[in-house]
2 protein chains.
Amino acid sequence: MEEGLIRRSEVAKLAGVSEATVSRVLNGVGPIKEETRDRVLEAARQLNYVPSALAQRFARSRSGNLGVILPLLPKVNLFSTFYFSEILSGIGVTAKEHGYDLLLLFRKPEEPRDYANLFKSQKVDGCIILGAQNVPGERAALKELQEGNYPFCLVNQRFDGESYNTIDADQRMGSHEAARSLIRQGYRRILFLNGPAVYSNSVDRLKGYHQALEEAGLPITPSMVLVGNYSRTSGYQHAEAIAGMIRGGLADAVIAANDRMAIGLLQGLKERGLRAGEDVAIIGCDDSDGAKLTDPPLSSIVVPFYQIGCEAASKLLGAVAADPQDKKLQPVIQVKLPVRLVERASSSVIST
Amino acid sequence: MEEGLIRRSEVAKLAGVSEATVSRVLNGVGPIKEETRDRVLEAARQLNYVPSALAQRFARSRSGNLGVILPLLPKVNLFSTFYFSEILSGIGVTAKEHGYDLLLLFRKPEEPRDYANLFKSQKVDGCIILGAQNVPGERAALKELQEGNYPFCLVNQRFDGESYNTIDADQRMGSHEAARSLIRQGYRRILFLNGPAVYSNSVDRLKGYHQALEEAGLPITPSMVLVGNYSRTSGYQHAEAIAGMIRGGLADAVIAANDRMAIGLLQGLKERGLRAGEDVAIIGCDDSDGAKLTDPPLSSIVVPFYQIGCEAASKLLGAVAADPQDKKLQPVIQVKLPVRLVERASSSVIST
DNA sequence: TTGAAAGCGCTAACAC
DNA sequence: GTGTTAGCGCTTTCAA
């Protein structure tokens, strides 16, 4: 009961078989006589034997780990904490179902993106990349992964012209829907408060907005698109200019590319005497916890983060399990999960 | 430049030395002639060699992983997502500084707590346990860790009578402070909306509350302490009874054991025409993101989650690094980090 | 159906 | 200072 570490040899001895047989029984491979199997299992149970995953993985040359790379962010996250925990839970549950462990890899902003080293050092068998940006360093790192034929999957970020596995939300659909809803309600001067263009999500959201305005025959001027950095503060800072536009009759609604900016904006406008849902319509994106707490509650785009995590892990681990020689033949996976608008008082007279 | 996997033997060959020497150079152990070292490093660089962490760890019998065990929770988390990401970031940064990788281990509520197996299978060298509960299964699992002499650290949970490493916030201090502040402002009938007693935090918070009331000579009756489950819904559900007490002159303030319940309560009371900060004072705990968003903003106890994560990881990894024979002599670490009250409009006339 | 034995890639005595 | 060698605990041919 209380041994230091039980090795397989002891199990073999107790069961009166060879180590190889113990291995077969425990891994369920090859033909085994019923009685032998029982004897081995009983011996293992009796000795309270737990195989060394370290040795197994070494012998198999597989780490058994699914890596999740994510930027380490200071207080003002790119991610809402909501995003973070939802997506991670999805990945975690799915990895576990596939028998993989989750290796969390924080990357400091100033650190190089040496993703390929994770594979070379055999720390992971596949990896999911969160928060990737369209910048040279990132593109080079991803290219290296692809050339090394290392399985990876991007989440919420695509790269035009590259065929990387990607699980994304249909952001374009989201802001299209948001804009259409506003237009349907009679709003005509709809601003768009976007995030940095290094995130393809920002680009996609803008497209949906453009499309909806065009379809409605509404004019779009450069001054209608503002850019923040996805933080609450940046939404707050835009309040002054936007308040001016509202008062000047140049704006009657704002779609923000995430909830954090929307919430900051909403607060900033409130301080200037402008109330969301009355003086101006506001719609955010993410449907984070905070959206339900603001006054008035914030309309938002519901993004299935948990499901995105599940999809990313499951698709990736499917590819990892494939035979090495098949790897190059793996189809590229590019998923866009649907989103939906949830309307609350910030963008309509119907309170929620 | 583009090899499959480069092994150390190739580096040795190219540098014209033995594998052992390569090892010494790369690990910086033993005396090495300057010139040899340069040759080895150059060869490694040229071949783009990255050692196999898998093999290293196997050879050293050390996984190089710090495990973080956390309950996998459905929508209504025990943890706020805020808690989750703050603490995890703290752990992650610290682990990285110590050269450890982070293994995230989600535990489904119905699964057994076989923490010791993580060590037996050599998946981790130490582990941090989040969301531990004072229930028999947990106590048994922890006892087994202790008896096996496996390094672990609890976060935000202590067990009376056991000397486990624990990093906690001083919850008692927090609710003591909250109650004192209310009393100072003239509140006299202060309710306490607590969470389940399986969390020592709940017990500690209650103590601080009791202490403050006693010090002020205020009576405490059983009806003044209510119990929820830390979810927003449970706070909301208590609103009806609490509204009755407020109207009946039996209550004029409520301290909730976390922000989620406080926010639910605040909403429930609002629907019944009772406004926090005017008809009743409310103070939460955690100072989560949501606290700043409610109307009125919620007073709360600031808990240094990030720092808790850092402390837990750093203390634990210190113990892990210790010589095996010293392990039993390691002092037990029990840290209680201070918290502080931040007062907002929900508990005072001074708006924030 | 089972056993023997050759690794997996690296570390760490020990010898020179 | 550097090379030789025996493992680390398990998987997996190959024979029997």
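Hydrogens, waters and symmetry mates play no part in the numbers below; they use all other heavy atoms, side chains included. These numbers come from a predicted model, not from an experiment. In the text below, chain A, chain B and the rest are named by the order of the sequence lines, each starting its count at 1.
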| field | Lys/Arg-Asp/Glu bridge criterion (N-O < 4.0 Å) met for Glu42(B), Arg45(B) | value | yes
| task | Using a cut-off of strictly less than 4.0 Å, decide whether Gln122(B) has a side-chain nitrogen or oxygen near OP1 or OP2 of dG9(D). | result | no
| request: Decide, applying a 5.5 Å centre-distance limit and a 30° plane-angle limit (both strict), whether Phe58(B) stacks on dC8(D). | output: yes
| Using the ring of each side chain (for Trp, its six-membered ring), is Phe84(B) parallel, tilted or perpendicular to Phe106(B), with breaks at 30° and 60°? | parallel
| Should the ring pair Phe58(A) and Phe58(B) be called parallel, tilted or perpendicular, given that the plane angle runs from 0 to 90° and is split at 30 and 60? | parallel
| Given dT11(D), is OP1 or OP2 found less than 4.0 Å from the side-chain N or O atoms of Arg8(A)? | yes
| If each of Arg24(B) and Glu19(B) is mapped to the nucleotide of DNA chain C with the nearest heavy atom, which maps nearer the 5' terminus, i.e. the 5' end? | Glu19(B)
| task | State whether Arg107(A) and Glu111(A) are salt-bridged, where the test is any N-O pair (Lys NZ or Arg NE/NH1/NH2 against Asp/Glu carboxylate O) under 4.0 Å. | result | no
| said: Using OP1 and OP2 only, check whether a side-chain N or O of Arg7(B) sits under 4.0 Å from dG9(C). | reply: yes
| said: It should be established whether Ser23(A) places a side-chain nitrogen or oxygen under 4.0 Å from OP1 or OP2 of nucleotide dT11(D). | reply: yes
| Just to confirm, is there a sub-4.0 Å distance from OP1 or OP2 of dG9(C) to any side-chain nitrogen or oxygen of Gln56(B)? | no
| field | N or O in side chain of Tyr49(A) less than 4.0 angstrom from dG9(D) OP1/OP2 | value | no
| query | Any side-chain heavy atom of Cys153(B) within less than 4.5 Å of one from Ile167(B)? | reply | yes
| query | Contact class for Val17(A) vs. all strands (heavy atom < 4.0 Å): base, sugar-phosphate, or nothing? | reply | sugar-phosphate
| query | Looking at dG9(C), does its base get a donor-acceptor pair with the side chain of Arg57(B) below 3.5 Å? | reply | no
| task | Have a look at Thr36(B) and say if it touches a base, only the backbone sugar-phosphate, or nothing, with a 4.0 Å heavy-atom cut-off. | result | sugar-phosphate
| request: Report the distance from atom NZ of Lys13(A) to atom P of dT2(C), rounded to the nearest whole Å. | output: 20 Å
| message | Taking the axis from the first five pairs and the axis from the last five, what angle separates them in the helix from dT1(C)-dA16(D) to dC16(C)-dG1(D), rounded to 10 degrees? | response | 40°
| Phosphate OP1/OP2 of dG3(C): any Ser18(A) side-chain N/O under 4.0 Å | yes
